[in-house]
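One structure is given below, encoded as structure tokens.
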Amino acid sequence: MGRWLLVAGLCLSLAGCDSVERVKQVFHRDGDASQESQAAAGQPAEAASSVAPEAKAGDTAQAPAPSGQAPKDAASGKQGPAQKSGADGTTVLENTSAATADSQLPVTVMQNVNRALPADCPLRTLWALPIPNITITKSWMAPRDMGYDMLLLLSSELDIIAIEASSGRTLWWKKLDGEMLGEPVFSKYAIYLIVNSHLLCLENTGGHVMWRVDIGFPAAGPFTVSEDKKGSPRFAIASATRVIYGLDIVTVTWPPKHGAGSITQKDFSMDTQRPRTLWRFPTDSLVQGQMQVQESFVYATDLNGVIYAINGSVVQLGKAASAWKQYCQAGNFAGVLTSGTFVVIGSRDRNVYCFSRNEQGRAIWRYTTGHVVQKTPVFVTDRWTNRTVVGVECQEGPFIAINDVSGSLAWLHPEGGMAVGLDEEADRPLDERTSVIIAEPDGAIASVRFKDGSLVWRIPAGMFRMVTDSHLGVGMYGVLASNGALVNLGRKK
């Protein structure tokens, strides 16, 4: 069973000059002017949003219409439903199922990509989605184990776009009213964002803004969330004042009921959400890397190199208890990686550390990379052999795969880069089926055997440009982008 590599954006030269002109004609952003001017002036719009209808079998991927502009119906040539705006400053398309003005454009892009791929590369384009006049700056693959089939994109103009990963269909499109801090957090029930120190809860299938609250303090960016069986969330949010806050959200009904003869909730009521502080935990320095939560414990690391295990279930005088602390020899910009009983940290002191969640944070192993580690490591698992390695992207150094149990070197990729996906060859022996796809610093894409790191195939630099990907594992995909189109590469079944 093949694993897909999601790649964003072909170099426009692949599609040829004629294709470039057709891309430019698909959409225009003139329709954004009125809405963007309202957003700049701080004027709210009326709240509404909806979900795009399901794509029919055989549909090609459809290009999203820019904010403020309605898509056209390809058959009739008529303008499709307009988009609506939310009172929180975001926007969402009502209907993104209409085909592009040039329905052959995705096919042309796919053919040109396939011709440009090296002969030894087994991947082919599964779908292509033109996204003209938009620069994608970040992207995230929503976790499959939570039931998602979604690729989330963020543009330089603060557009946030949800794409169906399996088909390339646009699910919804929103315009944020400010810079997004940190990364979005996916849960089984919702997607959470922090924008201008406001916490947003988006319905995970249609992108509806379910609620938005002012958290009451300047956020540093990183946060995490856990949900109970009813979907009620609890948050741990790092602040710019070197404090991590534990919050939940309560619903307040107004006006309250005061007895006989008064205005009752039946006559008039308005529900609103408010954050409630459950606990606070001071840190030695700013927390800039992503935090993790397991059960009632929150794990974080700061710029002083301290690793914190915070017990949010034990609170005294408003302060959460410290389960344990550990220390690195330099500050940590990377986040925390947790799985089972392991807590893994990559540090600027040129080491990767693994601690036990139990046993007071006992050190399990330490691997010296010889290079600065500024990005959070990833767990990479071969489902056929049930082996796992810790993948480490080194600054100006190799990509290193470390045995997750012993901390010994499994293999390394000298050219460096970061792991962005998995590839599988069903006709190979079990221990040779899985390969790790690595985006190298110069823009080349390499596939290396999970077993020993030997090279399987390479796509030369120049075709694709990496943006980012915060999720990796079996069923997860790497994300790349340039200025032309969003392209899904995978093995044809």
Side-chain angles (χ1 to χ4, degrees), residues 143 145-146 182-194 197 199 201 210-211 213-217 219-252 273-302 304-327 332 335-345 353-364 376 379:
D145 58 3
M146 291 185 179
E183 298 183 350
V185 175
F186 299 89
S187 74
K188 292 182 179 180
Y189 306 98
I191 303 171
Y192 300 96
L193 313 173
I194 292 183
S197 288
L199 184 62
C201 175
M210 300 171 66
W211 49 258
V213 299
D214 185 345
I215 58 178
F217 55 83
F223 73 104
T224 188
V225 62
S226 59
E227 291 180 337
D228 60 22
K229 294 181 179 180
K230 296 181 179 180
S232 300
R234 290 195 173 190
F235 303 90
I237 303 176
S239 76
T241 57
R242 298 184 299 179
V243 176
I244 299 175
Y245 290 91
L247 307 175
D248 69 356
I249 304 298
V250 295
T251 300
V252 179
Q273 282 71 34
R274 293 286 185 268
R276 177 175 61 181
T277 301
L278 303 174
W279 51 263
R280 58 191 300 275
F281 187 89
T283 57
D284 293 355
S285 185
L286 285 177
V287 174
Q288 290 196 336
Q290 192 65 22
M291 303 186 296
Q292 297 290 339
V293 60
Q294 294 232 355
E295 299 172 350
S296 61
F297 292 86
V298 176
Y299 300 91
T301 183
D302 66 15
N304 280 356
V306 184
I307 302 103
Y308 303 92
I310 305 167
N311 188 347
S313 64
V314 179
V315 181
Q316 292 183 350
L317 300 177
K319 180 181 176 181
S322 173
W324 51 263
K325 284 185 182 181
Q326 287 287 0
Y327 301 88
N332 297 327
V336 180
L337 178 67
T338 61
S339 178
T341 60
F342 292 158
V343 178
V344 177
I345 303 290
Y353 299 86
C354 180
F355 302 101
S356 171
R357 287 184 55 224
N358 308 317
E359 305 176 77
Q360 296 298 308
R362 178 181 63 86
I364 298 176
T376 306
F379 285 119

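A heavy-atom distance below 4.5 Å is found between the side chains of L286 and R242. Between Y353 and V343, every side-chain heavy-atom pair lies at or beyond the 4.5 Å cut-off. Side-chain contact between I244 and M291: present, with at least one pair of heavy atoms (C-beta onward) separated by less than 4.5 Å.
When every heavy atom of I215 is checked against every heavy atom of P275, the shortest pair comes out as CA-CG, 4.2 Å. Closest approach of F223 and Q290 over heavy atoms only: O-NE2, 2.7 Å. The shortest heavy-atom contact between P233 and D248 is O-CB, 3.8 Å. Contact record, L193 with P184: CD2-CB, 3.3 Å, taken as the closest heavy-atom pair. The shortest heavy-atom contact between S187 and E227 is OG-OE2, 2.7 Å. Residues W324 and S356 share a closest heavy-atom pair of CZ2-O, 3.7 Å.
Here Y192 and F235 bring their ring centres to under 6.0 angstrom of each other.
Qualifying side chain to side chain donor-acceptor pair (under 3.5 Å) partners for R362, counting only residues two or more places apart in sequence or in other chains: E359. For F217, the ring-ring contact (aromatic ring centres under 6.0 Å, His included) test picks out Y245, with sequence neighbours left out. Checked against ring-ring contact (aromatic ring centres under 6.0 Å, His included), F297 has no partners two or more places apart in sequence or in another chain. T376 is linked by a side chain to side chain contact (heavy atoms under 4.5 Å, CB included) to A334, L337, counting only residues two or more places apart in sequence or in another chain.
Rounded to the nearest 0.5 angstrom, L247 CG and L199 CG are separated by 8.0 Å. Atom CD1 in I345 sits 6.0 Å away from atom CG in N332 (nearest 0.5 Å). Here OH of Y189 is found 10.5 Å from CE of M146. Values are rounded to the nearest 0.5 Å. The distance from the CZ atom of R357 to the OG atom of S339 is 10.0 Å, given to the nearest 0.5 Å. The distance from atom CZ of R274 to atom CG of D214, rounded to the nearest 0.5 Å, is 9.5 Å. With rounding to the nearest 0.5 angstrom, the CG atom of N358 is 11.0 Å from the CZ atom of F342.
Judged by distance alone, the side chain of T277 and the main-chain N or O of W279 form no donor-acceptor pair under 3.5 Å. Side chain of Q292 to main chain of V336: a donor-acceptor pair is present (N/O by atom type, distance under 3.5 Å, no hydrogens or angles).
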From CA spacing to verdict: side chain to side chain contact (heavy atoms under 4.5 Å, CB included), W211, T251: CA-CA 10 Å; W211 49 258; T251 300; over 6 Å; no

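Within the structure, no pair that satisfies the salt bridge (Lys or Arg N to Asp or Glu O under 4.0 Å) test touches residues 307-322, not counting sequence neighbours.
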Extract all donor-acceptor atom pairs below 3.5 Å that involve side chains of residues 305-315 and protein atoms in other chains or at least two apart in sequence.
from	atom 1	to	atom 2	distance (Å)
Y308	OH	D284	N	2.8
Y308	OH	D302	OD2	2.5
N311	OD1	S313	N	3.1
N311	OD1	S313	OG	2.6

